Amino acid sequence: MIYTHLEVTEVAGDIFDFCCNMTDEQDARARALIERAAAKWPLRILHALSDAGAPLRFSRLMERIEGISQKVLTQTLRTLESDGLIIRTLYPEIPPRVEYELTPLGRDLLMQVVTLWRWIVERLDEFDSRKAVKLAATDN
């Protein structure tokens with residue numbers, strides 16, 4: 001026997017109204033930004049910079065982000081800088097000193113993501129139990 005359960009989520013009809021006035025190019029740019037921000041490392045970097053509460057040098061940032069390679073950190077920092085989410089400050093010293101910090105835009109993005117992050121963390125058990133139920137149903 002197969003049992004199904006219908007779940008219906010009601011979404012306010014006007015929640016996506018902002019999309020109606022977007023051009024295809026704006027939609028593509030917005031989706032690209034979402035994909036870049038949601039990749040493996042950007043949120044970890046933004047979180048580390050936020051936690052530091054002060055600008056961080058490359059090596060200090062690398063120490064705070066477990067598992068990231070120097071190459072990936074460099075690439076991700078460049079992307080975050082080009083998106084306007086962090087500031088890279090080069091001090092003309094010998095040897096040169098470079099520090100990274102969040103921009104107001106980066107801080108604002110992180111605060112928006114924290115809401116989603118918290119929502120997911122608070123429901124991890126529910127996600128796990130639903131997955132377990134689905135796995136049990138496919139095993140039978």
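All values derive from a computational prediction rather than experimental measurement.
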Return the [atom1] to [atom2] distance between [X] and [Y], rounded to the nearest 0.5 Å.
{"X": "Glu99", "Y": "Ile87", "atom1": "CD", "atom2": "CD1", "result": "11.5 Å"}
{"X": "Ile45", "Y": "Ser50", "atom1": "CD1", "atom2": "OG", "result": "13.5 Å"}
{"X": "Ile120", "Y": "Phe127", "atom1": "CD1", "atom2": "CZ", "result": "6.0 Å"}
{"X": "Leu73", "Y": "Ser59", "atom1": "CG", "atom2": "OG", "result": "10.0 Å"}
{"X": "Ile68", "Y": "Met62", "atom1": "CD1", "atom2": "CE", "result": "7.5 Å"}
{"X": "Glu126", "Y": "Asp128", "atom1": "CD", "atom2": "CG", "result": "10.0 Å"}

Check whether [X] reaches the backbone of [Y] with its side chain - one donor and one acceptor, N or O, closer than 3.5 Å.
{"X": "Thr74", "Y": "Gln70", "value": "yes"}
{"X": "Arg123", "Y": "Trp119", "value": "yes"}
{"X": "Thr103", "Y": "Gly84", "value": "yes"}

Less than 4.5 Å apart, any side-chain heavy atom of [X] and any of [Y]?
{"X": "Leu85", "Y": "Glu81", "answer": "no"}
{"X": "Val72", "Y": "Trp41", "answer": "yes"}
{"X": "Arg36", "Y": "Asp83", "answer": "yes"}
{"X": "Arg118", "Y": "Val121", "answer": "no"}
{"X": "Ile65", "Y": "Leu61", "answer": "yes"}
{"X": "Leu56", "Y": "Glu101", "answer": "no"}
{"X": "Thr89", "Y": "Val98", "answer": "no"}

Common cluster, [X]/[Y], ILVMFWY with side-chain heavy-atom separation under 4.5 Å:
{"X": "Val114", "Y": "Leu49", "value": "yes"}
{"X": "Phe58", "Y": "Tyr91", "value": "no"}
{"X": "Met111", "Y": "Leu46", "value": "yes"}

Residues Ala37 and Pro42: closest non-hydrogen pair is O-CB, 3.8 Å
Worksheet entry | Lys/Arg N to Asp/Glu carboxylate O, Asp51 vs Arg64, below 4.0 Å |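 Salt bridge: no.
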Original post:
Is it true that Glu25 and Arg29 make a salt bridge, defined as a side-chain N closer than 4.0 Å to a carboxylate O?
Top reply: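 A salt bridge is present here (some side-chain N lies under 4.0 Å from a carboxylate O).
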Exercise for review: Compute the centroid of each ring, for Trp117 and then for His47, and state whether the two points are separated by less than 6.0 Å.
Suggested key: yes
Stepwise side-chain contact (heavy atoms from CB on, under 4.5 Å) test for Thr76 and Leu80: CA-CA 6 Å; Thr76 308; Leu80 291 171; 4.1 Å; yes
Which of Thr79, Leu77, Leu105 passes side chain to side chain contact (heavy atoms under 4.5 Å, CB included) with Ile86? It is Leu77
